[in-house]
2 protein chains.
Amino acid sequence: MTTAGSRTRKGEQTKARIVEAALELFRESGYDDTTMRAVAQNAGVSLGNAYYYFKSKEHLLHAYYARIHAAHAEAAAPALENESDLHKRLLGVLKTKLEVIEPFHRFSGLLFRTAADPKSPLNPFHEDSAPARQEGTQLFARVLEGSRVKIPKDIAQKVPHLLWVYSMGIVLFWLHDDSKDRARTHALVEQSSELVVKMIKMLSNPLLRPLRKSALKLLNEIDV
Amino acid sequence: MTTAGSRTRKGEQTKARIVEAALELFRESGYDDTTMRAVAQNAGVSLGNAYYYFKSKEHLLHAYYARIHAAHAEAAAPALENESDLHKRLLGVLKTKLEVIEPFHRFSGLLFRTAADPKSPLNPFHEDSAPARQEGTQLFARVLEGSRVKIPKDIAQKVPHLLWVYSMGIVLFWLHDDSKDRARTHALVEQSSELVVKMIKMLSNPLLRPLRKSALKLLNEIDV
DNA sequence: ACTATTATTTGAACGCGTTCAATTTCTGGA
DNA sequence: TCCAGAAATTGAACGCGTTCAAATAATAGT
């Protein structure tokens, strides 16, 4: 055990040094071109030592995920401050999302690889991601609450989560988008958000009640 | 050039031998545990020679995909034979898809993890997957053609591809589905297909023309 | 049949992520 | 202060996917 007062054993400093070295190299050269040997050297540590603290190269990215998440939550706040138009609110959140994640586009391979692996704790649908999922859903709940749009009661509970899934779809598209300045994704965000808002507003239409009920039944049965 | 009559140079036989060796080993031990050296040896060929015919290990899996798709196309044919109801046609195709891919669910972590990487040639949205993508789209074009549902001309060209993307979404859900007998995915297929058909039928409604136009504009701008 | 060109095949080599037995450094109790 | 055990650190080694210069076999033109 470590001394009573000291909060960090020596190892935690080393671990921090390795993380910082890794993040710097990832930022600089991307994930694939960053070798564990380079990370170790950059941290002033032996190769084997890096593996003493991180089970694998991918595990080094957990720190990154946390940073992305925090950055988006912070960046999105102003867009919700003084705005009551639902479309503008939604658009603001999605645009800041794109801004925040843009520097990480070069990681897309890894991001989506882990994100798509059902067994990976980084997977947004994985059990371990429940907190992140919940935070994301809450963000979209706030987007809705701050607007003056009325949501039918029966589906009100589902919509925020559906918006989060929608945003995951945006990210999925973004991952594959190699257009200049991510132009295609920006077009997608601007226009699909408009569509989404239109549909949300339409949902109160009595004509669409059957459709709404079908959708609700579906959501309940697949346990989303 | 090869002689007039002979349809296959020698190389194509070698290539076939390598594919067969690979598929056998994949089936036996999964993707990750099958080494290129084992494939080469199993095919009675040198390691380098395998790379002469296949740019990478992942390229060998295209053959696997091709077989799955062929199996699906064959299995789905009866469901399209004597049926004109769009929902039943769509449902038939999706259900047979689930049946065909079910044996691979246990490999999904290994197999589809790499497939999800935007840079991976296995990714369904990757350039190298264009043929598979096209075949898939054609299958859904057939689903539509055989039914009596009228699709508005402006979007007619887009719908088959959208249905294919929809089916990819189903597969993505399936990957994460650990419910007994894949019950959640089956619920999703049954009910979402109903919804999809409803929406397709609704699309001709003049009231929805603006929505249709917006969607079309979106699709064109993001180049889908 | 000879030759130039192209297609095929080889195996060594490279750099990578990862593992591990061995070594050194730290730490808390006698 | 000393020492046993735990924590931290090392670097060599392994197996992997991939590359490549060189060697060999097949082919087409003369």
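So you know, we letter chains A, B, ... as the sequences are listed, proteins then strands, and number each from 1.
Closest to the N49(A) side chain, of the nucleotides dC16(C), dT9(D), dC16(D), is dT9(D). Closest to the side chain of M36(A), from the set dT18(C), dA7(C), dT10(C), is dT18(C).
By the 4.5 Å heavy-atom criterion applied to side chains, K57(B) and L61(B) are not counted as neighbours. Taking 4.5 Å as the limit, every side-chain heavy atom of E190(B) sits out of range of all side-chain heavy atoms of E221(A).
Counted by atom type alone, S56(A) and Y51(A) present zero donor-acceptor pairs between their side chains at under 3.5 Å. Side-chain atoms of Y166(A) and S193(A) include no donor-acceptor pair closer than 3.5 Å.
For the pair R17(A) and L47(B), both in contact range of DNA chain D, the more 5′-proximal nearest nucleotide belongs to R17(A). Positionally, the nearest nucleotide of DNA chain C for R37(A) lies more toward the 5' end than for the other of G48(A) and R37(A).
Atom-to-atom, CG of D32(A) to P of dG17(D) comes out at 16 Å; the value is rounded to the nearest Å. Here dG15(D) presents its P atom at 15 Å from NZ of K57(B), a figure rounded to the nearest Å. Computed from coordinates, the F54(B) CZ to dT8(C) C1' distance equals 14 Å when rounded to whole Å. One atom, NZ of K55(A), and another, C1' of dG17(C), lie 14 Å apart when rounded to the nearest Å. Across the protein-nucleic acid pair, E12(A) atom CD and dA8(D) atom P stand 8 Å apart, rounded to whole Å. Atom CD of Q41(A) is separated from atom P of dC16(C) by 11 Å (rounded to the nearest Å). If you measure from atom CD of Q13(B) to atom P of dA7(C), you get 17 Å, rounded to the nearest angstrom.
OP1 or OP2 of dA7(D) has not a single side-chain nitrogen or oxygen of Y53(A) nearer than 4.0 Å. Put simply, Y51(B) has no side-chain N or O that comes within less than 4.0 Å of OP1 or OP2 on dT19(D). Within the 4.0 Å cut-off from OP1 or OP2 of dT8(C), at least one side-chain nitrogen or oxygen of Y52(B) is found. One finds a side-chain N or O of T14(B) lying less than 4.0 angstrom from the OP1 or OP2 phosphate oxygen of dT9(C).
Judged by the 6.0 Å and 45° rule, K15(B) forms a cation-pi pair with F54(B).
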